[in-house]
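Take a look at the structure below.
Numbering starts at 1 and runs along the sequence shown.
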Amino acid sequence: MTESTVFPRGRVTIVAVLNLTPDSFSDGGRFVRGAGGVEGDDVEAAAQAGLRLLAAGADVLDVGGESTRPGAAEVPADVEIARVVPVLEALAKRTQAPLCIDTRKAPVAEAALIAGARLVNDVSGLRFDPALAEVAARAGAGLVLGHLRGEPATMQEGIRFDDVVAEVTAELAESVARARAAGIPEARLAVDPGIGFGKRLRHNLALLARVGEIRAALRLPVLVGPSRKSFLGELTGDPVEARDAATVAACAVAVFAGADALRVHDAGAGARAARVARALAGARERSS
Ligand code: HH2
């Protein structure tokens, strides 16, 4: 595997979620009032929240201005930009930690990279806006390619997989090929099987438990984002605000199975889960 500049080998990268939306499924409305941008005191409050995530154990901050929860409506690019750019600028002045922009749109990625982001996280894997590849290539940015069939608005309808791990791997390989064709070197790419994106409980479980197979097939680092998602509620009965314990369990298993990076809301808990799971995976390798 080529050495990665996105999620380096030999450690687990903690990618902390900083949602700047009115409607994200677990943490929406903290810094955005109404349907517009992040303004005034809310910019500072959001930047402080990001710095707290870094202090708690995050390696990367993933800043997003559009919810991609099931059923979410698309946000216009100018609104997304008005949410993320002021906060990225404020963070870039205060931290050297890599900032990541969670967007499917090329204009948003471009504005965010100018504002200080170094990574782009596209949950659609270049399917929504293929121009995003050129933006990332020009800027020399890292790019996370997610797996998503269709659109967040309708992704939970008509779900069908015969072999979810094989199909997600093949579709991620198509995204990787698009990124490579745009000139992005392998060292700047990572993939994500898209936990909760157009998948049922059994699909999410298979993708987390068998993440090592995706990693081995694509020879790229893999990020997973199970944090607080509804499949955890299906398993435990917990409402969204009480899913952090279930999230830790899912994160630990994913790391044991080979995940290189975790996208989490609770950075401290994610970092601890990663440390324990890495130690256990090391013990398994030494004793085999
Ligand atoms: N999940 C969400 C958003 N972005 N990016 C990657 N790479 N992987 C994920 O699993 C992923 C993601 C959804 O979670 P969240 O940001 O908490 O919610 P919302 O989309 O409602 O803002």
Where N121 and C100 come nearest, the two heavy atoms and their spacing: CB-SG, 3.5 Å
Backbone N/O of F7 and side chain of S4: donor-acceptor pair under 3.5 Å: yes
ILVMFWY cluster, V17 and L208 together (side-chain gap under 4.5 Å): no
NZ/NE/NH1/NH2 to OD/OE distance under 4.0 Å, D129 and R127: no
Derivation and outcome, salt bridge (charged side-chain N to carboxylate O under 4.0 Å, His left out), residues R33 and E39: CA-CA 9 Å; R33 296 152 212 266; E39 294 164 354; over 6 Å; no
Exam field: side chain E89 to backbone A115, donor-acceptor pair closer than 3.5 Å: no
Salt-bridge contact D192-R263 (side-chain N to carboxylate O under 4.0 Å): no
R160 vs D162, salt bridge (charged side-chain N to carboxylate O under 4.0 Å, His left out): CA-CA, chis, key distance, verdict: CA-CA 7 Å; R160 201 200 140 97; D162 293 319; 2.5 Å; yes
CG (D163) with more than 12 external heavy atoms under 6.0 Å: yes
Test item: R94 and Q48 side chains (from C-beta on) under 4.5 Å apart, heavy atoms: yes
Joint cluster assignment, V255 & F231, ILVMFWY side-chain distance < 4.5 Å: yes
Contact summary for A49 and R30, nearest pair of heavy atoms: CB-NH2, 3.9 Å
Interatomic spacing from CD1 in I81 to CD in E110 - rounded to 0.5 Å: 9.0 Å
Test item: S227 side-chain N/O and H265 main-chain N/O as donor-acceptor pair under 3.5 Å: yes
Close side-chain approach of L145 and L189, heavy atoms under 4.5 Å: yes
Separation of R215 CZ from E213 CD (nearest 0.5 Å): 13.0 Å
Single-linkage hydrophobic cluster, 4.5 Å side-chain cutoff, L235 and F256 together: no
Backbone N/O of V222 and side chain of D260: donor-acceptor pair under 3.5 Å: yes
Residue pair A274 / I14: nearest heavy atoms and the distance that separates them: CB-CD1, 4.1 Å
Straight-line distance of R178 CZ to I184 CD1, nearest 0.5 Å: 12.5 Å
Cluster link L126 to L218, ILVMFWY, side chain under 4.5 Å: yes
Any R11 side-chain heavy atom under 4.5 Å of R278 side chain: no
Stepwise side chain to side chain contact (heavy atoms under 4.5 Å, CB included) test for E171 and V168: CA-CA 5 Å; E171 288 163 34; V168 167; 5.8 Å; no
Whether T95 side chain and L91 backbone form a donor-acceptor pair below 3.5 Å: no
Worked verdict on V15 versus V264 for side chain to side chain contact (heavy atoms under 4.5 Å, CB included): CA-CA 6 Å; V15 178; V264 285; over 6 Å; no
Whether S24 side chain and S26 backbone form a donor-acceptor pair below 3.5 Å: no
Side chain to side chain contact (heavy atoms under 4.5 Å, CB included) assessment of V224 paired with L262: CA-CA 5 Å; V224 291; L262 300 170; 3.8 Å; yes
Exam field: side chain E167 to backbone F161, donor-acceptor pair closer than 3.5 Å: no
Minimal non-hydrogen separation, G142 against V6, with atom names: CA-CG2, 4.0 Å
Within-4.5 Å side-chain heavy-atom neighbours: N204 and P226: no
Over 12 non-hydrogen atoms of neighbours within 6.0 angstrom of CZ in R69: yes
Passing option when K199 is tested against M155, Q156, H147 for side-chain contact (heavy atoms from CB on, under 4.5 Å): H147
Any donor-acceptor N/O pair, S175 side chain to G125 backbone, under 3.5 Å: yes
Intermediate values then yes/no, salt bridge (charged side-chain N to carboxylate O under 4.0 Å, His left out), E234 and K229: CA-CA 9 Å; E234 281 183 64; K229 286 187 178 165; over 6 Å; no
Neighbour count above 12 (heavy atom, 6.0 Å) for R284 CZ: yes
Close side-chain approach of L18 to F31, heavy-atom, < 4.5 Å: yes
Heavy-atom pair of closest approach, residues T169 and A217: CG2-CB, 3.7 Å
Worked check of side-chain hydrogen bond (donor to acceptor under 3.5 Å, both in side chains) between D122 and S124: CA-CA 5 Å; D122 175 9; S124 85; 2.9 Å; yes
Close side-chain approach of L143 and R188, heavy atoms under 4.5 Å: no
Close side-chain approach of K105 to E74, heavy-atom, < 4.5 Å: yes
Other residues, nucleotides, ligands: >12 heavy atoms within 6.0 Å of R275 CZ: no
Any V60 side-chain heavy atom under 4.5 Å of L99 side chain: no
Minimum heavy-atom distance L113-L119, with the two atoms named: CD2-N, 4.4 Å
Point-to-point distance, once rounded to the nearest 0.5 Å, from CG of D244 to SG of C251: 9.5 Å
Q96 CD: over 12 foreign heavy atoms closer than 6.0 Å: no
CG on L54 to CG on D59, rounded to 0.5 Å: 8.5 Å
same_hphob_cluster(I159, L232) at 4.5 Å side-chain heavy-atom cutoff: yes
Nearest-0.5 Å distance, CD of residue E186 to OG1 of residue T5: 11.5 Å
CA sep, side-chain torsions, deciding dist, call: L132, V120, side chain to side chain contact (heavy atoms under 4.5 Å, CB included): CA-CA 9 Å; L132 193 145; V120 181; 3.7 Å; yes
Axial cation check for F25 ring with R228, 6.0 Å and 45° limits: no
Intermediate values then yes/no, salt bridge (charged side-chain N to carboxylate O under 4.0 Å, His left out), R83 and E80: CA-CA 5 Å; R83 291 176 180 169; E80 227 179 297; over 6 Å; no
